[in-house]
Amino acid sequence: MTDHDALMPERRRMSRRRFIGEVGMVGAGVAAGGALAACGSALTTGASAAEDAAIAAQVVPFHGRRQAGIITPVQERLVFATFDVITAERSALQATLQTWTRAAAAMTQGELLPGGVIDPLGPMQDTGEALGLTPGSLTLTIGFGPSLFDSRFGLAARKPARLEPLPALPLEELDPTYVGGDISIQACSDDPQIAFHAVRNLARLATGVMSLRWMEFGFGKTSKTSAAQATPRNLMGFKDGTRNLASSQTQLLDRFVWVGPESDQAWLRGGSYQVVRRMRMFIEAWDEDFLEDQQRVFGRYKLSGAPLTGVIEMDTPDFKATQNGDHVIPENAHIRLLSPEQNGGMHILRRGFSFSDGVDSQAGTLFAGLFFIAYMQDPNQFLTLARKMAGDALGEYVRVVGSALFAVPSGVAPGESWGESLFA
Ligand code: HEM
């Protein structure tokens with residue numbers, strides 16, 4: 001326990017919504033310069049039962065058999081970050097993962113970071129920009145990249161055989177700034193400030209042990225993971241996620257998303273593999289393309305999302321249907337090439353977001369696209385599909401400008417830490 005904990009034990013499970021009411025009560029003391037612990041008696045300040053219920057509905061459980069943020073209904077916003085471990089000390093890495101786990105458990109429940117205190121003579125434990133905000137359905141999902149298993153931390157024997165850096169693939173023009181990383185954190189929330197606050201604070205807690213390698217912000221989901229969610233649209237204006245796996249399809253998830261006994265590494269069982277691809281769209285060229293051609297690129301109607309062989313969005317594509325001797329869903333249509341029907345019944349779970357990094361200042365065009373994230377039992381599932389994209393009509397309009405692969409361990413129980421089974 002730190003000195004700060006001792007000063008204010010009740011702060012360790014303090015809702016950041018209610019904290020605001022307390023600050024009002026103790027603010028005068030802070031201004032006067034005392035090292036103040038906000039008093040626990042103010043816990044009920046300003047919160048009604050209705051507000052409590054609304055807030056509770058925005059909490060995604062942190063502990064569990066699986067990590068949250070994979071089949072959790074996709075939130076509206078993403079902050080994705082990768083980190084490099086900069087310490088040579090295995091124990092320092094382990095300690096940081098323990099600190100991260102406690103912080104993640106608190107932040108996802110809408111609480112202040114553990115150990116917080118109002119002390120004018122020290123930095124606040126929690127950076128503060130999420131004060132007053134709800135839990136925001138925040139999920140934090142951790143992954144371990146192939147480079148973590150080099151000689152530095154004695155983890156080489158724990159490297160899953162399938163966790164190899166992705167090979168060169170079609171449509172790649174990779175910017176090395178956006179490749180790889182020892183550790184990934186996927187922060188999803190319905191509020192961008194909550195997701196940013198979480199990654200910022202994890203980065204801060206890792207000072208001297210890990211440094212940020214690259215980061216991307218996603219502002220609109222491009223898939224759904226629950227039948228209850230409406231299908232969102234990507235920046236090309238098409239519904240995206242229509243036939244994505246849903247959390248209710250447990251048998252398909254067991255078969256294609258969750259790592260099982262087939263893995264050579266016990267610590268990874270119950271987890272998944274996370275493939276990340278930063279995909280730039282040539283939006284200006286796309287916007288000039290005529291509607292019928294756009295629809296043939298995907299094999300779906302733009303407005304309804306229905307396959308070109310159907311009427312409503314959820315109609316099953318008929319890949320055999322022909323008209324005047326040609327397939328109605330063209331040979332090079334994105335959904336034909338990547339559909340389970342054309343790939344031995346194989347599925348992946350997509351969980352991408354739209355992104356924009358402003359302008360390509362050389363070309364004077366938008367720099368935007370789809371930040372593709374997908375979860376699967378075996379990275380070879382992704383490789384099969386990615387190689388098919390060599391013949392994809394979509395290839396005229398997109399380039400892969402960032403890439404990474406991570407092994408995502410199973411969830412943790414209360415008292416356990418991220419990475420505990422990896423280091424055991
Ligand atoms: C900028 C890049 C991409 C865009 C704009 C895009 C867009 C779309 C759209 C609009 C659909 C149809 C709706 C749906 O069923 O979800 C779709 C389906 C799909 N996409 Fe992509 N996609 C992109 C990249 C990728 C990549 C990199 C992969 C994997 C390698 C992938 C795999 C799939 C799969 C598996 C489907 C479902 C096919 C089916 O079941 O019919 N996509 N995508």
Side-chain angles (χ1 to χ4, degrees), residues 11-19 43 47 49-80 97-114 116 126 130 133-143 184-199 201-202 205 221 223-229 245-250 253-254 257-259 267-272 274 349 351 373 375 406 408-422:
R11 167 66 63 248
R12 302 172 88 199
R13 293 193 60 79
M14 176 68 75
S15 152
R16 57 191 181 212
R17 292 274 292 172
R18 296 182 181 188
F19 178 77
L43 268 172
E51 189 188 12
D52 277 352
I55 289 172
Q58 293 184 24
V59 172
V60 180
F62 176 74
H63 297 108
R65 187 168 158 231
R66 319 277 192 202
Q67 285 199 68
I70 301 176
I71 60 169
T72 306
V74 187
Q75 300 93 322
E76 295 300 328
R77 304 296 182 125
L78 166 80
V79 177
F80 188 90
L97 290 174
Q98 286 161 5
T99 305
W100 269 17
T101 311
R102 286 193 295 274
M107 290 189 290
T108 53
Q109 307 311 293
E111 294 166 8
L112 289 171
L113 284 179
D126 189 301
L133 300 182
T134 66
S137 302
L138 175 69
T139 55
L140 291 164
T141 313
I142 194 167
S184 71
I185 291 289
Q186 174 200 274
C188 297
S189 171
D190 291 327
D191 182 330
Q193 184 132 328
I194 290 173
F196 179 82
H197 166 264
V199 171
N201 278 279
L202 293 183
L205 292 170
K221 61 178 183 280
S223 64
K224 58 177 180 183
T225 50
S226 151
Q229 289 184 299
L245 283 178
S247 55
S248 54
Q249 293 175 290
T250 51
L253 293 172
D254 284 342
V257 175
W258 304 124
V259 171
W267 66 265
L268 186 55
R269 293 179 194 141
S272 191
Q274 176 192 62
L349 179 82
R351 211 177 197 284
I373 303 178
Y375 290 91
F406 299 91
V408 173
S410 58
V412 290
E416 281 178 0
S417 287
W418 277 339
E420 195 172 309
S421 54
L422 168 63

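This is a predicted model, so every value here is computed, not measured.
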Minimum heavy-atom distance between [X] and [Y], given as atom pair plus value:
X	Y	value
Pro114	Ala103	CD-CA, 4.0 Å
Gly136	Ser189	O-OG, 2.8 Å
Thr139	Ala68	CG2-CB, 3.7 Å
Ile70	Val257	CG2-CG1, 4.5 Å
Ala187	Leu140	CB-CD2, 3.5 Å

_ring-ring contact (aromatic ring centres under 6.0 Å, His included) partners of Phe80, counting only residues at least two apart_ = Trp214, Phe371

*Return the set of residues passing ring-ring contact (aromatic ring centres under 6.0 Å, His included) with Trp258 (not counting sequence neighbours), or none when no residue passes.*
none

What's the spacing between [X] [atom1] and [Y] [atom2] if we round to 0.5 Å?
X	Y	atom1	atom2	result
Ile194	Thr108	CD1	OG1	11.5 Å
Asn201	Thr99	CG	OG1	12.5 Å
Leu205	Leu97	CG	CG	11.5 Å
Leu113	His197	CG	NE2	5.5 Å
Gln109	His63	CD	NE2	8.0 Å
Ile142	Ser184	CD1	OG	7.5 Å

_Can you list everything that forms a side chain to side chain contact (heavy atoms under 4.5 Å, CB included) with Ser137? Sequence neighbours excluded, please._
Gln58, Val60, Gln75, Asp190

*Looking at residues at least two apart in the chain, or sitting in another chain, which of them share a side chain to side chain contact (heavy atoms under 4.5 Å, CB included) with Pro192?*
Arg77

Side-chain donor-acceptor pairs under 3.5 Å in residues 408-418, sequence neighbours left out?
unit_1, atom_1, unit_2, atom_2, d
Glu416, OE1, Ala413, N, 3.0

Hey, does the side chain of [X] reach the backbone of [Y] with a donor-acceptor pair shorter than 3.5 angstrom?
X	Y	answer
Thr225	Ser247	no
Gln274	Gly143	no
Trp100	Leu202	yes
Thr134	Ile55	no

*Given Arg351, which of Thr72, Leu245, Leu78, Thr141 fulfils the side-chain contact (heavy atoms from CB on, under 4.5 Å) condition?*
Thr72

*Which residue pairs satisfy the salt bridge (Lys or Arg N to Asp or Glu O under 4.0 Å) criterion with at least one member in residues 61-75, sequence neighbours excluded?*
Arg66-Asp254

